[in-house]
Q: 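Let me begin by handing over the structure; questions about it come next.
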There are 2 protein chains.
Amino acid sequence: MSPRVNSAAIRRLNVIRVFHALRENPNASQAELGRLTGLDKATTSAVVTQLLDDGLVERTEGPRARRIGRPETALAIAPSAGLLVGARLEPRTIRIVTTTLAGTVLEHVQIPGSTDIGTAADLLHEGIDRAVAASGEGLPVRGVGVGIPALMDREGRLVLAPNLGWRDTPIRARLEAALGAPVYIDNDTKAAAMAERLFGVCRDVEDFVYLTGHSGVGGGLFLGGRLYRGAQGFAGEVGHVTVVPDGRPCGCGKRGCLETYVSESAILAQAAERGRDLPDLGAVTAAARDGDAVVIALLDEVGERLGIALSHMVNLMNPALAVLGGNLSVAADVFLPALNRALERHALEPLRRDLRLVVSPLGPDAVPMGGIALAMEGFLSAPMPVEELLRR
Amino acid sequence: MSPRVNSAAIRRLNVIRVFHALRENPNASQAELGRLTGLDKATTSAVVTQLLDDGLVERTEGPRARRIGRPETALAIAPSAGLLVGARLEPRTIRIVTTTLAGTVLEHVQIPGSTDIGTAADLLHEGIDRAVAASGEGLPVRGVGVGIPALMDREGRLVLAPNLGWRDTPIRARLEAALGAPVYIDNDTKAAAMAERLFGVCRDVEDFVYLTGHSGVGGGLFLGGRLYRGAQGFAGEVGHVTVVPDGRPCGCGKRGCLETYVSESAILAQAAERGRDLPDLGAVTAAARDGDAVVIALLDEVGERLGIALSHMVNLMNPALAVLGGNLSVAADVFLPALNRALERHALEPLRRDLRLVVSPLGPDAVPMGGIALAMEGFLSAPMPVEELLRR
DNA sequence: GTCTTTTTGATAGACCGTCTAACTAAAGAC
DNA sequence: GTCTTTAGTTAGACGGTCTATCAAAAAGAC
C-alpha cells in the first residue's frame, strides 16, 4: 500500500525544501527563501514560522544589504537544534564526525577499528558517545549515519563484505538499540555520493556517478535527483565489473574485476610484481611524477581500466558528471590522460561530449560526511517520504 | 524552479493512481479501488465522481459478486473517452497501433517507411490519420507516442541515429504541429520498457532493465519506479558497450560494441563469414536447433557477449528483473545457457542470485505499445488539470 | 524633516484537497 | 418483515497553498 498523500505531506515536502535552501544559503531572508524554493511568500512565511516554533531555525544578525525597502531578517539553521553524527566504519579505523543540523562540522574523532564486526560496532558506539559528549552540552542527537564498505540491504543489514569476511549482521538494528537515536546505514560509497550531493561538487547535479577507491573500488549512483540503491540495495558495484577477461583473481571469487587493478592494494601489488616496492599510493604517485617509466606505465593501465568501467557507466546511465573520490583522487592527475583516452575509445560520443569529470573536494571525510547526509535526509523526511511520490 | 505542490497536485496524483488501478482491474468497484490505491473511500468517491464527470470513466454492467451487502457498481475506463496512438518509426517499416485510453488495442497499421527522416515523418503522419479514422467515429486523439531507434533528447529532438544516418531533427515539434495532438516521443527501447511496465511482464517491478535487438541493440532502464532517461536523455545505450576490446568496427565509430556481435545483421554477417548464408534470425535459430555446430557456436558467442553486457548492468544497477525483447526473444532459448554462464562468471553473486530473467511477451508490438504507454503517462500527468485537456 | 518609494513580512479569506463520521441504499440472512 | 452487512454519498473538520491587502522599516527625493 502506498503512503497517503495529504496536506500534511505537502507541508513536509515544503519544509524540506526550505530547510535545504536555508542550509545552502545561511543568513538568507524569508523573501530569498521564497525565491529559491519557488514557494509563495505567504507559504514561505508559514513554513518559516513553523520552523522557528520547532526550534530548527533561528533569526540571526546577518549582514544587512544596504538596499531600499524594509530590511530583511536573516535566518539560519539553529545550532541548538541538535546534532548529526556521521561515521565511516572500517576494520582498520573508525572515523566519526559530528555536525549541527546544517552540516557544520563540530568534532572529528578517529579510533582504531576491529576486524570483528561485532567488536567494530561496539567501538563505533563508544566513539560516537565520546564525539557527542565533546560536541554539545545536552544537545539531542537527531540521527546517526554510517557508511560501511560492504553490501548493505535496504533494511540496514550488512549482507556481505567480500574483502573483510563480514556477512549477515543486522548492524542498523544493533546500533539503534545501543545509541537510542535513529540510525541510517548504507554502503560507504553511496554515503559518499550523498555527501557529494549535499556538501560537495554535485549540489545542482541531478544525474551523476561517484567512483571511489579505498580497500576496494566502489560506485555511487545518483540518478534523477535521487540516490539509486537498486532492487536489493546493492547498486553501484563497479569494483566488480569485469575489465579484463580471465584477469587477476578477485576476493569475490571472479576474475578480472576492476578492483583487482585499481584499488590501492592492487596497485601496490602490481608495482611490486614489476620490481617497485612502494609503501602506499602517495609513493606510487610520487614515483610517477619523478619519471619512473615502469610506474607511469602502471598508472596508465590503471587509468585505462578505470576508463573502461566508467565508459560502461556513461553508455548505460548518461550521467552529467563523474566524480573521482577516495584514493582515486590521489593519483588522478597522473592517470587522467589514460582515462580520457579510454573514454574516447569506449564511450559513445554524444554521451561523452557533455560529461564533466571532476575530483572530489571532500577528501578523507567524504564517507563520514555521507553519514551526515544520510542522517540529515532521514531526519527531515522521517515520517513519510512524499518526495518519492511527487517526483514521478 | 521546481513545480508547485498544492492541493491540485495531490488530486492529480490520486487521479492517476485510481486510473491505473482501474485500468489494471476493469469492472472494479469504488470500494475495491479504494483498497487498491490505499485511498480513503470518501476520497475515492470524489476522484471517481470527477472521472465520471470528465467522461474518462463509466459505469458498466460488470459481473456482480453474489455477496451479502449492497452490490457494487462496476467501473471501467470509458472507450468513448478518446484514443491513444502508438507508433514505431523505422526506415523500413512504420507500425502504428491505436487503443482506448485503457490501452485496449483497436487497430493495427503497418506501412513502408523511408530512409529519409522527413519523408518518414510524413508517412507516419498519414498512417496515423488512417489508423485514427479506422478506429473511431470522431473520437479525440488524447496523445500520440512514438518510439524511434535513435538518440532522442528530453525535448523530443532526434539527435543521432548512428546506423540510419539520421541526425538533428525536431521531430516532436514537427509531428505535434502536423497532428494537432500532444506528441510524446522517445528512443524505441525506452518506449518498449514502458510498455513492459504498463502492459507486460514488469507491472509490479520497480527496478528492471530491458534489452532488445532490432537493427541495433538497445537498453531501457526502469529504476526506482521510473523510466530513467539520463542527463541528456541518452541512458541505456547498451548496444555500444564494449564487449570485445579492439573488436569489430561499429557504425558509431568505435570498436567491439555489443551490437556488432548480437544485432540481427551482425549475427547474419558473422554466420556468413563462417560459411552459413542465412536470410534471417529465424533461419539461424532453426539451424541451431537442427544441430549445426557452427551456428550453435556462434549463438553461444552471442549469449556470452550479451551476458557480459548484462553482467555490467547487474553489477551497476542491481535490477530485480532483466527482460529480453525484440529479436533477442527469437533466439533466446538457444543462447540462454551461454548467457547464464557469462552471468555466473561476471556478475556478483548476491546480485545475480535474485535476478529474474524473462523473455518479453509483447512481441513485435512492444515499441508501438510503448508509444501507447508514453502517451498514456503524458496524458495523465499533463500539467494542466485533466478537465482542461479534455476541452481541447 | 517630511513625504514617497520600495521591499519585507504578516495576515485574512478564498479555495481546494483529504479524512472522520454519519448517513442512505441495496442486497442476503433469518 | 426485520436485521445485518457492504457500497457509496455527504457534511463538516482540518490543514494545506495562493491572492490580496496591510503594516513596518529603510532609502531616496525634495
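Fair warning: this is a prediction, and the values are worked out from it, not measured in the lab. Per chain, numbering begins at 1; letters A, B, ... match sequence-line order.
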Q: Write down the protein N/O and nucleotide N/O pairs, taken from nucleotides 8-11 of chain C, whose separation is under 3.5 Å; answer none if there are no such pairs.
A:
unit_1: C:dT8; atom_1: O4'; unit_2: A:Arg70; atom_2: O; d: 3.4
unit_1: C:dT8; atom_1: O2; unit_2: A:Arg70; atom_2: NE; d: 3.3
unit_1: C:dT8; atom_1: O2; unit_2: A:Arg70; atom_2: NH1; d: 2.8
unit_1: C:dG9; atom_1: OP1; unit_2: A:Thr73; atom_2: N; d: 2.5
unit_1: C:dG9; atom_1: OP1; unit_2: A:Thr73; atom_2: O; d: 3.4
unit_1: C:dG9; atom_1: OP1; unit_2: A:Thr73; atom_2: OG1; d: 3.0
unit_1: C:dG9; atom_1: OP2; unit_2: A:Gln30; atom_2: N; d: 3.1
unit_1: C:dG9; atom_1: OP2; unit_2: A:Ala31; atom_2: N; d: 2.9
unit_1: C:dG9; atom_1: N7; unit_2: A:Lys41; atom_2: NZ; d: 3.2
unit_1: C:dG9; atom_1: O6; unit_2: A:Lys41; atom_2: NZ; d: 2.8
unit_1: C:dA10; atom_1: OP2; unit_2: A:Gln30; atom_2: OE1; d: 3.0
unit_1: C:dA10; atom_1: OP2; unit_2: A:Gln30; atom_2: NE2; d: 2.8
unit_1: C:dA10; atom_1: OP2; unit_2: A:Ser45; atom_2: OG; d: 2.9

Q: For A:Arg154 and A:Gly230, indicate whether the former's side chain and the latter's backbone hold a donor-acceptor pair under 3.5 Å.
A: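 Yes; judged by distance alone, with no hydrogens or angles, the pair exists.
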
Q: Does the side chain of B:Leu198 come within less than 4.5 Å of B:Glu377's, by heavy atoms?
A: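 The answer is yes, as the side chains (C-beta and beyond) meet within the 4.5 Å cut-off.
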
Q: List the residues meeting salt bridge (Lys or Arg N to Asp or Glu O under 4.0 Å) with A:Glu32, not counting sequence neighbours, and say none if there are none.
A: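 A:Glu32 satisfies salt bridge (Lys or Arg N to Asp or Glu O under 4.0 Å) with no residue once adjacent residues are dropped.
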
Q: Taking the side chain as everything from C-beta on, heavy atoms only, tell me whether B:Met317 gets closer than 4.5 Å to B:Asp207.
A: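 The answer is no; the side chains never approach within 4.5 Å.
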
Q: If you walk 5' to 3' along DNA chain D, what is the first nucleotide with an atom under 4.0 Å of a heavy atom in chain A, and what is the last?
A: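 Endpoints of the contacted stretch of DNA chain D: D:dG15 to D:dA27.
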
Q: For the pair made of CZ in B:Arg11 and P in C:dC16, what is the distance, rounded to whole Å?
A: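 The answer, rounded to whole Å, is 11 Å.
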
Q: What residues, two or more places apart in sequence or in another chain, satisfy side chain to side chain contact (heavy atoms under 4.5 Å, CB included) together with B:Ser45?
A: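 If we apply the side chain to side chain contact (heavy atoms under 4.5 Å, CB included) test to B:Ser45, skipping adjacent residues, the hits are B:Gln30, B:Thr49.
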
Q: Looking only at atom types and distance, does a side-chain atom of B:Arg203 sit under 3.5 Å from a main-chain N or O of B:Gly200, one as donor and one as acceptor?
A: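 Checked: pair present.
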
Q: Of all residues at least two apart in sequence or in a different chain, which pass the salt bridge (Lys or Arg N to Asp or Glu O under 4.0 Å) check with A:Arg67?
A: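 Partners of A:Arg67 by the salt bridge (Lys or Arg N to Asp or Glu O under 4.0 Å) criterion, ordered by chain and then number, come out as A:Glu72.
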
Q: Using the test ring pair (Phe, Tyr, Trp, His ring centres under 6.0 Å), find all partners of B:Phe234 that sit at least two apart in sequence or belong to another chain.
A: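 In terms of ring pair (Phe, Tyr, Trp, His ring centres under 6.0 Å), with neighbours along the sequence ignored, B:Phe234 is linked to no residue.
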
